[in-house]
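Side-chain atoms are counted along with the backbone in the values below, which use heavy atoms only and exclude waters and symmetry mates.
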Amino acid sequence: MTRYDEAKAIYAKLGIDTDAAIAKLKSIPVSIHCWQGDDVIGFDHDGPLTGGIQTTGNYPGKARTPDELMADMDKAMSLCPGAKKVNVHACYAIFEDGFVDRDKLEPKHFKKWVEFAKARGMGLDFNPTFFSHPKVKDGLTLSSPDEETRKFWIEHGKACVRISEYFAKETGIPCVMNIWTGDGYKDIPADRMGPRVRYKESIEEILSEPFDKNLVKPCVESKVFGIGVESFTAGSAEFSLTFAATHDGCLPLMDNGHYHPTEVVSDKVPALLTFFPEIALHITRGVRWDSDHVLLFDDETREIAKEIVRCDALDRVYMALDYFDASINRIAAWAVGIRSWQKSLLLALCTPNERLRELQDTNQLTELMVTMEECKTLPFGDVWQKYCEVCGVAGDASWFEEVKAYEKEVLSARK
């Protein structure tokens, strides 16, 4: 009998079919963010990262071209189990026949991303890029009091709707299109409502662009504050949640780094699923604030996964990773984060959720606590090893040897 067989028998006593958990997880796509590979720079500008966002570190080997970025993504994804999508920002447009500004972007500027995804049987998600651009005026885009500025960014958003539908039609998989801006003020504003009214009207105008709601899943993402906008953000949690709730076909997107450090998205997931048919997540690891550290197999990551599974919502929650670390090997950063989220989902699928719910509903709270504590030392590692084996990747840290070899052979040549 193998270690997995023994673990399987132990889980079976709790009513858990680990084979079924493994099979289920294999089919659940997680969207992998392209911007970890080049520190969120993209291909449409050479300047620094601006607009309430920044990356720290200068580890060698950053991707400089589309081919390098896609190769790096391939390497990272080859080290990780599970189904995947690719998440692209608009600044990663690829210009083969002349540059155009963001308000004039077309599907053709993302043709290579579509080819990349289709060749690997993956879908694509998309994000308008409302930062790192000279037409971010006084730190504002969609909420700007300047009509010309707002018009430029509205046209950018509309272009992204068209591109998102192109992604979905080409891949046959719905495209999640997420709207987030860093619009806000460093110090206390005199008018909080005016920017939010303009922001609301701008997003409404973007979403007036015709699209098939079965193909394009527009989202609004909130944030409590950002670099240089510490006192006020137009897209607060209340604003974004209310916008999604009052606009048909628009989803709320929660980034678990975009709240006060004492708030947890794991508690918000079931609250939103009570009202919304679908929601979206950007999964990250904030350290004290929205710092986008590499995702780990930590408490809150596990709790978010548990709530998705407990709510039977694996087909109702669009899951995407969102972090970027320029201080360590970028391939390893991708792999650690992807594998950590896969571990969290598998652990959730291997939790006796029905039994725990029954104990809660019958007020057997002492036994509930005892059982939940007992679950923490179940032989989950052996189930993880089996899942990785089924997916054809290493279950232990031996995958890092491939990263070191890739760094020596490929990344070290980049200057």
Side-chain angles (χ1 to χ4, degrees), residues 29 31 33-34 85-93 102-103 105-107 110 113-114 117 123-131 141-143 150-183 196-223 233-255 258 268 272-273 275-283 313 315-320 322:
S31 199
H33 55 311
C34 73
K85 294 178 78 178
V86 175
N87 205 3
V88 179
H89 245 289
C91 61
Y92 289 83
R102 291 182 189 170
D103 62 332
L105 287 172
E106 298 180 48
F110 297 87
W113 284 110
V114 167
L124 284 159
D125 293 327
F126 200 45
N127 307 261
T129 306
F130 296 102
F131 54 83
T141 60
L142 295 177
S143 70
R150 288 199 312 279
K151 180 64 175 175
F152 175 85
W153 290 110
I154 288 167
E155 290 303 314
H156 173 57
K158 287 184 172 184
C160 291
V161 171
R162 296 189 290 271
I163 292 163
S164 297
E165 188 162 78
Y166 161 69
F167 283 173
K169 287 180 177 178
E170 286 291 320
T171 64
I173 298 170
C175 174
V176 177
M177 192 199 85
N178 179 49
I179 295 173
W180 172 81
T181 77
D183 286 26
R196 286 180 173 140
V197 170
R198 292 190 292 268
Y199 194 29
K200 171 181 176 289
E201 292 173 348
S202 294
I203 300 174
E204 287 172 339
E205 193 165 347
I206 289 171
L207 298 184
S208 71
E209 180 72 19
F211 64 91
D212 186 334
K213 292 179 182 178
N214 294 314
L215 298 179
V216 180
K217 305 289 182 176
C219 305
V220 283
E221 178 182 6
S222 66
K223 193 167 187 179
T233 56
S236 65
E238 294 79 8
F239 173 92
S240 300
L241 184 57
T242 305
F243 186 96
T246 55
H247 291 75
D248 183 46
C250 188
L251 281 59
L253 187 145
M254 295 187 292
D255 180 310
H258 286 193
K268 300 177 189 296
L272 267 61
L273 287 171
F275 297 95
F276 289 91
E278 296 178 316
I279 66 172
L281 298 177
H282 273 189
I283 305 158
D315 60 347
R316 295 174 57 196
V317 179
Y318 295 99
M319 298 171 280
D322 182 7

Only one of Y166, F110, Y92 passes ring-ring contact (aromatic ring centres under 6.0 Å, His included) with F126, and that residue is F110
I'd like to know if the side chain of D125 and the backbone of V176 have a donor-acceptor N/O pair within less than 3.5 Å. yes
Any salt bridge (Lys or Arg N to Asp or Glu O under 4.0 Å) involving residues 233-252? Give me the pairs, sequence neighbours left out, ordered by first then second residue. K213-D248
For I206 and V161: C-alpha separation, side-chain torsions, deciding distance, then whether side-chain contact (heavy atoms from CB on, under 4.5 Å) applies. CA-CA 8 Å; I206 289 171; V161 171; 4.0 Å; yes
Applying side-chain contact (heavy atoms from CB on, under 4.5 Å), run through S143 and T181 and close with a yes or a no. CA-CA 9 Å; S143 70; T181 77; 5.9 Å; no
With heavy-atom distances below 4.5 Å as the criterion, would you say the side chains of Y318 and I279 are in contact? no
Which heavy-atom pair separates K200 from F243 by the least distance, and what is that distance? O-CE1, 3.7 Å
Spacing of SG belonging to C175 relative to CD1 belonging to I163, to within rounding of 0.5 Å: 9.5 Å
Separation of N87 CG from S31 OG (nearest 0.5 Å): 4.0 Å
Hey, what's the ring geometry for H258 with W180, parallel, tilted or perpendicular (30° and 60° as the breaks)? tilted
Report the residues that fulfil side chain to side chain donor-acceptor pair (under 3.5 Å) with D322, sequence neighbours left out, ordered by chain and then residue number. W35, H282
What pairs with F130 under ring pair (Phe, Tyr, Trp, His ring centres under 6.0 Å), at least two apart in sequence or on another chain? W153, H156
Indicate the atoms forming the closest heavy-atom contact of I173 with K85, along with that distance. CG2-CE, 4.0 Å
Test E205 against K151 for side-chain contact (heavy atoms from CB on, under 4.5 Å), laying out the working first. CA-CA 10 Å; E205 193 165 347; K151 180 64 175 175; 4.1 Å; yes
Would you find a donor on one side and an acceptor on the other, under 3.5 Å apart, between the side chain of N127 and the backbone of V88? yes
Tell me the closest heavy-atom pair linking L251 and A244, and the distance in Å. C-CB, 3.7 Å
Donor-acceptor contact present, side-chain E165 to main-chain L215, <3.5 Å: no
Do any N or O atoms from the side chain of R316 and from the backbone of E278 form a donor-acceptor pair under 3.5 angstrom? no
V86 versus W113: any side-chain heavy-atom pair under 4.5 Å? yes
Can any side-chain N or O of T129 pair as donor or acceptor with the backbone N or O of F131 at less than 3.5 Å? no
Would you say the side chain of I179 lies within less than 4.5 Å of the side chain of E221, judging by non-hydrogen atoms? no
Please name the pair of heavy atoms, one in C91 and one in R102, separated by the smallest distance, quoted to 0.1 Å. CB-NH2, 3.8 Å
Residue pair C160 / A90: nearest heavy atoms and the distance that separates them: SG-CB, 4.0 Å
Any donor-acceptor N/O pair, T233 side chain to K223 backbone, under 3.5 Å: yes
On a heavy-atom basis, the closest approach of L142 and Y199 is CB-CD1, 3.6 Å
For T141, is there any backbone N or O sitting under 3.5 Å from a side-chain donor or acceptor partner on R150? no
Would you say D103's side chain and F152's backbone share a donor-acceptor pair under 3.5 angstrom? no
